[in-house]
Amino acid sequence: MGFLKSKSARVGLLYIALCAAALAWTQRSLLGLVTDARDGALRELLRDPAPADVLCFGSSATARAIRPEAVEQRVREAGGESWRVLNLAPFGVGRHIGLLEFEHWLGTHAAPKFVVVEVGVTADLVESMHQMLPRYMDVGDAARVVVHRPYRYRDAPEQRRRTLDPPSFDPWGAFTALDRQAMHLELGAKALGRGPEDVVRAAFNLAATGGDSLYFRPGEPFVRQALEAQVAERGFFRVTPESEQGVAGKQTVERQAARVDYERALAASWDLAEETDVFAEPGSFRAARLYAEAIVRLAQRHGVRVVFLDLPNFRGKPLRPSQIEFYSRLGVLVQLDKSVLYREESFQDVGHLSLVGAEHASRELADRLLALEAR
Amino acid sequence: MSFNSTEFVFFFLAAFYGYWSLARWRRSRLTWLLAASCVFYMSWNAKFLGLIAFSSVLDYVCGARIHASRSPRVRQAWLFVSLAGNLGLLGFFKYFNFFADNVAAGLARAGFTSLAEFTPWEIVLPAGISFYTFQTLSYTIDIYRGQLAPARSFLDFALFVSFFPQLVAGPIVRASEFLPQLEATPAYDDGRVSRGVFLMLCGLAKKVLLADTIGLELVDPVFRDPGAHGAFGVLVGVWGALFQFYLDFSAYSDIAIGAAATLGFTLPLNFDRPFLAQSISEFWRRWHISLSTWFRDYVFLPLGGRGGGRLQFFKKLMLTMFLTGLWHGAGWNYVLWGLMHGVFTFVGVAFRAPRDLGAAKRELWERVLRRVWVFHLVALSMLFFRNGSVLEGARGIEGSLEMLRILGSDWITPANLSSVGLAALAVAALIHYTPREWIHERGARLWSRAPALAQALVLALATGVLAALSYAKSPFLYYQF
């Protein structure tokens, strides 16, 4: 065992110690040292035994669009009743996590009055990691999990661990986190290569994230500090049209060909002659339908009313007639007033509302929920 | 468990500490290495471990029988069993679909359409089968020739076949090189371990920072859409493809040789700056050396080598290079690649100028011109090799011909090449043409002198980079062979 005294053996042991330290650092959120990340906040909300009246599920579009305090305030203004509203939508994942969260909530809490489930481009159409499924409902689901396997930190077990399960030690978590950091660095590097405007934008992002990332990273500290400050100064906040796509898409971020055309988006509609059974088409539609039906079944068993919320989005066309028909049949479909929402200051990028937009959306949602309750 | 994965790093640490802790006890340390090798292989595909076990038992028994018998016919019979068993396995797993597909196509052309329907079987190519099959074949052939004594025990032989650093993609080690290293109790040499770790780091950097970058940024876009890059873009793309293959494969060899060195083993050099070659035959003395010498010793020389006149030489050379091409994969592109090298080598050797003084005595300008010429001949063959592979943008022989047409005509379209890819290619060329001793020996000396904490920090940082780049991780290209 004399070799253990050699320099190389010492190097190996030091290396293991350094890796362990890196693990501890990147796992610090599990150690309870950091709780302000979106996932940490969700975990705290789900652990809190206090009941709630409204639960909102969806993707980052919902996370940005529904401000619980704005809904609660509007309800108080309208009827004097005090509601507790929770926005449980995580970033980067779709309806399947909503189903998981809903199941978890009903297992530990009293049933709410309403669940609000996001529908629209992100929830129904985007073929991305939103299709990471927590369980295999059909062969297509399993195939998608395989296809998206490299994006480990986006997959369902990881999301489940981050949002629902008690913290546990994950030896590969450090590398998962590093993987994500590298993605931001890569995107930042690409941004730097695209001219002065992007250099300025990258520098801004670097400052706004406290030196954490050259590229915009959706997280609570950013939202709370930078976003609030911008709203206070200018009345609305916008990051960049492609930021969210860049972070989510994990591909080369191409500059968008044209600026968002709000008028065209507002006027967009489907040609009924082209209409087919949308849910029979790509796998993403099918998965969206299956999870929507599962949520509704669960809600019906517990006497909860399901509201499908169609959030505005410039990435695709509005809901197809077949989708409108499907969601209207399954529950109550709420489509927000586009004439109010489709303005530049309402969006922070093509897929997400700004604080100004979220304020509008939240208050309108409150009105619709109150109207439903009154029926 | 690829070398460029964090899983391998921790597997290797366990193998390293376990091996040196048991170094004093022969059976224990070899059993430990064999177990580690099995774990390593099972991380690829556990069920194919049975194939390695079958191949090991077959050749261990055949070797022992050949050695024990004095009857030439019995010895020949056991050699035949070994050849048939090994080549049968290789043939089935690697070439069955290729063979059946071509037979079906031939029948269809001959008008037997009812016999020509063939749906390829779903045969998974076991990792490393081309490499370990050649190792075990060399073992029985060497015993048959009386050049090697059988392994002392099955444990020794099984470890020779499955030694994890070179199991999946070489270098192809001869039993005469490996088995003697199992005999003596290994003495721990810290300097050697340090040099081995440095070589592994170099290999990892070559693979992750250079080969993958050149592949993703430069080669894939050009091969996917050559028309969008014009002649200059295609030319640089083909240079890139050649460098990508070189860097990727030599990186694997560096890591294998380095990992073996940390365990006290010496594996043969597999690449020796091949683009310095002044002839195609010299190229093959510098590129995948363990394979080229295998074909030289077990195919070309037994056929008679260079003796028998130009026509005989041509036939033997073409057969050898045909098999070399076929070894790389079951596809006509690989065969074409091998035959091109055969023709290039034949022309270079058979028509060598009588006044040629040899590589060392040529003028500088002639050496440079020859190197440029040989590099482009190899690049031309690589065009067909790369286009017939399963890599991104590969479009078969038609794609190769289209690229050649662009090279001959379209010097107007801008190259539209990635600056990151070009930078990586420039760095790769710089490293390749830098004397080997400057990087490997001086670099290793500097590394050895660095304090332990600095070394550990560099290794931890490298692990972080490795993990961070995992989204773009691509397997070593030679895994598919």
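Chain A is the first sequence line, chain B the second, and so forth, proteins listed ahead of strands; every chain is numbered from 1.
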Is a donor on one side and an acceptor on the other found under 3.5 Å between the side chain of [X] and the backbone of [Y]?
| X | Y | result |
| --- | --- | --- |
| A/Lys7 | B/Ser448 | yes |
| B/Tyr188 | A/Ser6 | no |
| A/Tyr15 | B/Gln455 | no |

Of the backbone (N, CA, C, O) and the side chain (C-beta and beyond), which part of [X] lies under 4.5 Å from a heavy atom of chain A, both, or neither?
| X | result |
| --- | --- |
| B/Ser419 | neither |
| B/Ala450 | backbone |
| B/Leu13 | side chain |

(Q) Can you confirm whether B/Tyr17 is buried at OH, in the sense that more than 12 heavy atoms of other residues, nucleotides or ligands lie under 6.0 Å from that atom? (A)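 Counting neighbours around OH of B/Tyr17, more than 12 heavy atoms of other residues, nucleotides or ligands fall under 6.0 Å, so yes.
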Q: Identify which part of A/Ile16 has an atom lying under 4.5 Å from any heavy atom of chain B, answering side chain, backbone, both or neither.
A: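 Only the side chain of A/Ile16 comes within 4.5 Å of chain B.
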Q.
Using 0.5 Å steps for rounding, measure from the CG atom of B/Leu459 to the CG atom of A/Leu14.
A.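 B/Leu459 atom CG to A/Leu14 atom CG measures 10.0 Å (nearest 0.5 Å).
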Q.
As a test of understanding, state which of B/Asp190, B/Thr262, B/Asp189 forms a side chain to side chain donor-acceptor pair (under 3.5 Å) with A/Ser8.
A.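 Of B/Asp190, B/Thr262, B/Asp189, side chain to side chain donor-acceptor pair (under 3.5 Å) with A/Ser8 is met by B/Asp190 alone.
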